[in-house]
Amino acid sequence: CVLENSPLFNAGKGAVYNIDGNQEMDASIMEGNTLNSGAVAGINHVKNPILAARIVMDSTAHVMLSGKGAEQAMEQFGLEMVDSTYFFTSSRYNELKRIKLQENDNPIDYNSILNKNFLGDRKYGTVGAVAIDKEGNIAAGTSTGGMTNKKYGRIGDSPIIGAGTYANNLTCGISATGTGEYFIRTVAAHEVSNLIQYKKVSPQDALHEVLNNQIGKLGGKGGMILLDKNANIFWDFNTKGMFRGYKKSTGENVVEMFGLD
Ligand code: ASP
């Protein structure tokens with residue numbers, strides 16, 4: 001919620017704009033001991049989409065709710081609702097205007113959602129968190145506004161369990177950011193978990209394999225944070241940087257932004 005409430009990140013307040021100048025948010029959450037999961041997609045009146053995902057997980061029989069139905073349910077569950085103008089930030093709006101101007105200079109093919117102009121070089125900013133308790137219960141969550149100028153009610157990887165978020169006490173918890181289409185196609189977070197579980201690959205190597213040899217080879221970009229079942233922290237990305245940090249119960253705090261070297 002802290003990250004969603006900060007206008008600096010592409011989630012909650014500060015979410016990016018779609019092609020129509022609206023913000024549509026996606027979020028998901030998963031528990032590693034039960035594999036219980038919840039997700040919401042395409043919402044823009046719930047102040048904290050990650051709390052909506054939590055309600056779907058804890059209080060409904062479903063895993064994912066979308067759009068108006070999701071918002072009606074959240075209002076009934078008493079979640080804080082806001083006018084969609086709450087999410088406005090001028091920096092994100094200007095980013096949309098800039099991209100649209102570029103398109104006017106160089107019209108793109110709207111029939112292709114994988115058009116390079118849509119998925120090309122850009123900064124992400126989805127937020128995610130992974131945590132483990134002293135019993136070894138892992139939880140992971142991800143929240144996003146998606147990608148600037150997204151079309152057709154597009155939904156990315158962030159609310160897709162197994163793609164942008166995954167948690168399993170047998171292996172690890174993961175949250176991802178990047179070009180969501182590629183994370184969905186490679187079922188990225190689940191793939192990392194499977195490499196650890198079935199091929200006994202180390203978490204660092206598993207992240208590298210999926211980000212570079214699978215997502216990277218297809219043309220996708222992004223990164224993942226991972227906490228393994230023994231509370232070891234890992235991350236990797238195939239972009240220039242990824243804002244990331246951790247906090248341990250010992251009091252150790254680390255924040256990093258740019259490359260791994
Ligand atoms: N993964 C998000 C999406 O595709 C975007 C991001 O990470 O910033 O919706």
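First listed ligand is number 1; within each ligand, the first listed atom is number 1. What's counted below: heavy atoms across the whole structure, side chains too, no hydrogens, waters or symmetry copies. Computed from a prediction, not measured in an experiment: that's the story for all the values here.
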Would you compute the distance between atom OG of Ser143 and atom CG of Asp26 and round it to the nearest 0.5 angstrom? 8.5 Å

Taking distance alone, with no angle check, do [X] and ligand 1 share an N/O pair under 3.5 Å?
{"X": "Thr177", "result": "yes"}
{"X": "Asp157", "result": "yes"}
{"X": "Thr179", "result": "no"}
{"X": "Arg154", "result": "yes"}
{"X": "Gly156", "result": "no"}

Could you tell me which atoms of ligand 1, counted from 1 in the order shown, lie closer than 4.0 angstrom to a heavy atom of [X]?
{"X": "Gly125", "answer": "8 (O)"}
{"X": "Gly178", "answer": "1 (N), 2 (C), 3 (C), 4 (O), 5 (C), 6 (C), 7 (O)"}
{"X": "Gly180", "answer": "4 (O)"}
{"X": "Thr126", "answer": "2 (C), 5 (C), 6 (C), 7 (O), 8 (O)"}

Going by distance alone, is a donor N or O of one side chain under 3.5 Å from an acceptor N or O of the other, for [X] and [Y]?
{"X": "Tyr182", "Y": "Gln214", "result": "no"}
{"X": "Gln197", "Y": "Thr171", "result": "no"}
{"X": "Ser175", "Y": "Thr142", "result": "yes"}

Please evaluate residues Ile43 and Met74 with respect to the criterion side-chain contact (heavy atoms from CB on, under 4.5 Å), reporting the C-alpha separation (whole Å), side-chain torsions for both, the decisive distance (0.1 Å), and the verdict. CA-CA 10 Å; Ile43 60 171; Met74 292 311 132; 5.9 Å; no

Tell me which part of [X] gets within contact of ligand 1: side chain, backbone, both or neither, using heavy atoms under 4.0 Å.
{"X": "Ser158", "answer": "side chain"}
{"X": "Asn10", "answer": "side chain"}
{"X": "Met242", "answer": "neither"}

With distance as the sole test, does Asn212 use its side chain to make a donor-acceptor pair with the main-chain N or O of His208 at under 3.5 Å? yes

Does this structure show an ion pair linking Glu24 with Arg154, if we count only N-O contacts that are shorter than 4.0 Å? no

May I ask you to check if Lys13 and Tyr86 form a cation-pi contact, with NZ or CZ under 6.0 angstrom from the six-membered ring centre and within 45° of the axis? yes

